[in-house]
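Taking it in order: structure first as structure tokens, then the write-up.
In what follows, chains are A, B, ... by sequence order, proteins preceding strands, each numbered from 1.
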Protein chains: 2
Amino acid sequence: MKEIAKLPTETARDYALRAIRENIVSLDLEPGTGISENEIAGFLGVSRTPVREAIQELSKAAVIEIYPQRGSYVALIDSTFVEEARFLRKTLDIAVIEEACDLATQADIDRLEENVALQEFYLQTQAADKIYLLDDEFHKLIYSAAKKETLHAMRSNIMLHFDRVRTLSMKTVKDTKIVGDHRQMLESIKNKDKENCRMLVEKHLSRYHIDEAEIRAAYPQYFKD
Amino acid sequence: MKEIAKLPTETARDYALRAIRENIVSLDLEPGTGISENEIAGFLGVSRTPVREAIQELSKAAVIEIYPQRGSYVALIDSTFVEEARFLRKTLDIAVIEEACDLATQADIDRLEENVALQEFYLQTQAADKIYLLDDEFHKLIYSAAKKETLHAMRSNIMLHFDRVRTLSMKTVKDTKIVGDHRQMLESIKNKDKENCRMLVEKHLSRYHIDEAEIRAAYPQYFKD
DNA sequence: ACACAGAAACTTGTATACAAGTTATTTATG
DNA sequence: CATAAATAACTTGTATACAAGTTTCTGTGT
């Protein structure tokens, strides 16, 4: 588990939740790892209570499994969950981007333009971690343009499963293609071309689908079944 | 707040979560009501810890608002949330019922048949509460047939907002129409008629849309804005 | 060396005590 | 009586103590 600095504003609970979640997504807490409320509390410098609440929340998202009186474990990557997360992402992202075609204001377009421009910039400077963050931001901006902010928060939770696979795939998937997809999505929103948006979302997602088999072969110990 | 019996098997936390959630959905805890961890703990006969964890979870679903050091309140019905819940329900239910057309086994069909038969039975005996439960079960069975059980759990959370409106509408919406919709959905799944499924889901949802205006007029104090 | 019993060291679940902050009440003062 | 300050009674956030159960280690007897 890697250290993550506590922000002065956030509560102990929010800090614990953020720290544990980031460690799970980054795979610094590997799937299958046993975790202890006491151990993490000591590591983060807070008491068991906020750590416990954070773990409860993550167990509800099914990325931590709690066995009462026995211990808690970082869940193995479950192909069923990943598949359902992909289904949700495809279904919802398409519906939302179509809505964004109807509702996006010029201010929304401007924010998307700035985001994609930054992605294209960092693509040249090879800053993969920056692109990762901008990727999240890009999709959040689309949900915002479609007035579906609440759904984006919910989407984030179930996407944790998908995100772990994405972390593993960062080395193999070409950022060039991802940023190119985003550029084309933005242009299609500007043109209010829903059919093209739908096609782009499906193509975008298929990029991750292709290399899951490779990833699973490379890290079999991380997967369930 | 109405009393709900604690099941001998469930933990204090699960009991508190179930009791509070049912009271919110049934509107025995009215929107806007102030709630206290201590008060509920005393009422349920458990300590603050499990009650607090339950409230935290419900605040994440945005049906409870926590103001640190000030108090917690049952959230008013927020039209934005209700609209997003409706959007999610429509989008996801359509995608899932289409998937069910492809994947439903005979066993799935049999379970759906039994469920709808019971709905039609209780429709004649005027048992609205039974139909309410069977309605939930019906949609859960469809998600199960489409192998999307995880998404159904997630759907349930965001649907809390929608469910409160549904509780208010139970007196006005005709159960006859709901059960009729379900019967037609089942027949369309059997015929693998996706286009008809899509149309039926949209019509089904529109029934709730129609009377939201009436409900809002009848209970303005429950609504935000 | 092996088997078994028992204690010790863990786990999470729950209850309670305290901390920090807000609100309402009460009391003193003009 | 009105007003303001002090205070008491609340709230949630956090830490800690204890309860109940599981696992692991350890020592002892064979």
Side-chain angles (χ1 to χ4, degrees), chain A residues 1 3-21 23-24 29-76, chain B residues 1 3-21 23-24 29-76:
Chain A
M1 183 155 176
E3 282 189 47
I4 289 179
K6 179 180 183 301
L7 302 176
T9 58
E10 70 190 346
T11 64
R13 180 177 180 274
D14 291 336
Y15 169 51
L17 177 60
R18 188 169 59 85
I20 299 170
R21 166 184 270 144
N23 270 282
I24 288 179
L29 277 176
E30 299 183 38
T33 306
I35 57 180
S36 153
E37 294 177 358
N38 265 319
E39 189 186 337
I40 293 180
F43 181 79
L44 297 180
V46 298
S47 78
R48 256 189 73 202
T49 305
V51 169
R52 175 179 168 73
E53 290 177 352
I55 288 179
Q56 289 285 343
E57 182 163 336
L58 290 169
S59 86
K60 227 199 75 190
V63 291
I64 288 181
E65 291 175 358
I66 301 175
Y67 302 93
Q69 273 77 42
R70 301 180 54 141
S72 301
Y73 300 85
V74 179
L76 292 172
Chain B
M1 183 156 175
E3 282 189 48
I4 290 180
K6 180 179 184 302
L7 302 176
T9 59
E10 70 191 344
T11 64
R13 179 178 181 275
D14 291 336
Y15 168 51
L17 178 60
R18 189 170 59 85
I20 299 171
R21 165 184 270 144
N23 270 282
I24 288 179
L29 279 176
E30 298 183 39
T33 306
I35 56 179
S36 154
E37 294 177 358
N38 265 320
E39 189 186 337
I40 292 180
F43 181 80
L44 296 180
V46 299
S47 77
R48 256 189 72 203
T49 304
V51 169
R52 174 179 169 73
E53 290 177 352
I55 288 179
Q56 289 286 342
E57 182 163 337
L58 291 170
S59 87
K60 228 200 74 192
V63 291
I64 288 181
E65 291 175 358
I66 302 175
Y67 301 93
Q69 272 77 42
R70 301 181 53 142
S72 301
Y73 300 84
V74 178
L76 292 173

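- Using a 4.0 Å heavy-atom cutoff across all strands shown, Ser36(A) reaches sugar-phosphate atoms only and no base atom.
- Along DNA chain D, the stretch of nucleotides lying under 4.0 Å from any heavy atom of chain B spans, 5' to 3', dT11(D) to dT14(D).
- Within the 4.5 Å cutoff, the side chain of Gln56(B) has no heavy atoms near those of the Gln56(A) side chain.
- Nearest-nucleotide mapping onto DNA chain D: of Pro68(A) and Ile66(B), the residue sitting toward the 5' end is Ile66(B).
- Applying side chain to side chain contact (heavy atoms under 4.5 Å, CB included) to Ile20(A) and the options Val74(A), Val63(A), Ile4(A), Ile64(A) leaves one that passes, Ile64(A).
- Two residues are said to be in side-chain contact when any heavy atoms from C-beta on lie closer than 4.5 Å; Glu65(A) and Leu76(A) fail this criterion.
- In this structure, Arg70(B) and Tyr67(A) both approach DNA chain C, and ranking their closest nucleotides by distance from the 5' end singles out Tyr67(A).
- Note on Gln56(A): only backbone sugar-phosphate atoms sit closer than 4.0 angstrom, heavy atoms only; bases stay farther off.
- Using a 4.0 Å heavy-atom cutoff across all strands shown, Thr49(B) reaches at least one base atom of the nucleic acid.
- Residue-level contact check: Ile55(A) touches neither bases nor backbone, having no heavy atom under 4.0 Å from any strand.
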Just distance, no hydrogens or angles: give the donor-acceptor pairs under 3.5 Å from side chains in residues 40-49 of chain A, sequence neighbours left out.
residue	atom	partner	partner atom	Å
Ser47(A)	OG	Thr49(A)	N	3.4
Arg48(A)	NE	Glu37(A)	OE1	2.9
Arg48(A)	NH2	Glu37(A)	OE1	2.8

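- Comparing Glu37(B) and Gly45(A) by the nucleotide of DNA chain D that holds the closest heavy atom to each, the one mapping nearer the 5' end is Glu37(B).
- Between Glu53(B) and Arg52(A) there is a salt bridge, with a side-chain nitrogen of the basic residue lying less than 4.0 Å from a carboxylate oxygen of the acidic one.
- At the heavy-atom level, Arg52(A) lies under 4.0 Å from base atoms of the strands shown.
- In this structure, the side chains of Met1(A) and Glu39(A) stay at 4.5 Å or more apart for every pair of heavy atoms.
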